Asks: 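One structure is given below, represented as structure tokens, and several questions about it will come after.
Hydrogens, waters and symmetry mates are skipped; everything else that's a heavy atom, side chains included, is used. Since the structure is predicted, the reported quantities are computational estimates derived from the model, not experimental observations.
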Amino acid sequence: ALRKAATADERLEMLLALPRLCFLSLWGIYDPPRTTVPASVEECHRAGIRVVMVTGDQRPTAMAIGQQVGIIAPGQDPQACSAWCKDMQVSRLQVAISRRAVRKLSPR
């Protein structure tokens with residue numbers, strides 16, 4: 001049933017609505033990019049190398065990381081710089097990667 005909820009808020013509401021469950025805590029994990037990544041991305045940009053990130057993270061997370069490390073430039077629309085790669089064949093995936101800066105991959 002939780003998979004049908006579109007957002008984290010909807011999933012939380014579903015869990016809290018169950019009378020026999022007792023909410024104990026909420027945990028979050030922050031795994032920041034390595035400190036050397038933004039400088040490496042900038043060095044690549046100065047050398048004319050286009051940096052692309054392919055990730056299994058959720059799309060908002062991937063876009064935030066892309067902005068944080070400089071793959072998505074300030075003022076650039078993150079939505080326009082990202083592509084869904086779920087269920088793409090290799091040939092289509094290669095085309096998508098060539099056109100976008102951030103990719104979201106999903107497990108099959």
Side-chain angles (χ1 to χ4, degrees):
L2 288 177
R3 291 181 188 258
K4 294 179 183 177
T7 67
D9 288 335
E10 289 177 12
R11 288 188 290 274
L12 181 60
E13 281 183 39
M14 289 175 73
L15 289 171
L16 293 175
L18 298 172
R20 296 182 344 168
L21 289 181
C22 176
F23 184 76
L24 295 177
S25 67
L26 180 65
W27 287 73
I29 298 173
Y30 178 63
D31 184 20
R34 293 182 184 202
T35 56
T36 58
V37 173
S40 298
V41 170
E42 177 58 32
E43 187 175 348
C44 288
H45 287 165
R46 284 195 312 269
I49 299 169
R50 186 168 163 265
V51 179
V52 174
M53 178 174 67
V54 178
T55 181
D57 285 328
Q58 294 292 323
R59 192 174 194 183
T61 302
M63 291 186 299
I65 292 169
Q67 289 175 315
Q68 192 175 16
V69 300
I71 295 173
I72 300 175
Q76 203 173 14
D77 179 19
Q79 293 287 342
C81 298
S82 65
W84 291 101
C85 299
K86 182 180 178 185
D87 300 327
M88 282 189 181
Q89 294 179 2
V90 173
S91 60
R92 289 189 58 220
L93 180 60
Q94 290 169 338
V95 170
I97 288 174
S98 69
R99 294 183 180 157
R100 305 281 190 231
V102 177
R103 312 290 170 264
K104 161 62 176 112
L105 297 181
S106 296
R108 292 181 182 226

Asks: To the nearest 0.5 Å, how far apart are CD in Glu13 and CG in Leu18?
Replies: 12.0 Å
Asks: Show me the side-chain donor-acceptor pairs of residues 23-45 shorter than 3.5 Å, one per line, residues at least two apart or across chains.
Replies:
unit_1, atom_1, unit_2, atom_2, d
Ser25, OG, Trp27, NE1, 2.9
Tyr30, OH, Gln68, NE2, 3.0
Ser40, OG, Thr36, O, 3.0

Asks: Of all heavy-atom pairs between Ala5 and Met14, which one has the smallest distance, and what is that distance?
Replies: CB-SD, 3.8 Å
Asks: Tell me the closest heavy-atom pair linking Met63 and Ile72, and the distance in Å.
Replies: O-CD1, 3.8 Å
Asks: Do the non-hydrogen side-chain atoms of Thr55 and Ile65 ever get within less than 4.5 Å of each other?
Replies: no
Asks: Measure the CD-NZ distance between Glu10 and Lys4 for me, rounded to the nearest 0.5 Å.
Replies: 13.0 Å
Asks: With sequence neighbours left out, write down each residue that passes side-chain contact (heavy atoms from CB on, under 4.5 Å) with Asp9, or none if nothing qualifies.
Replies: Thr7
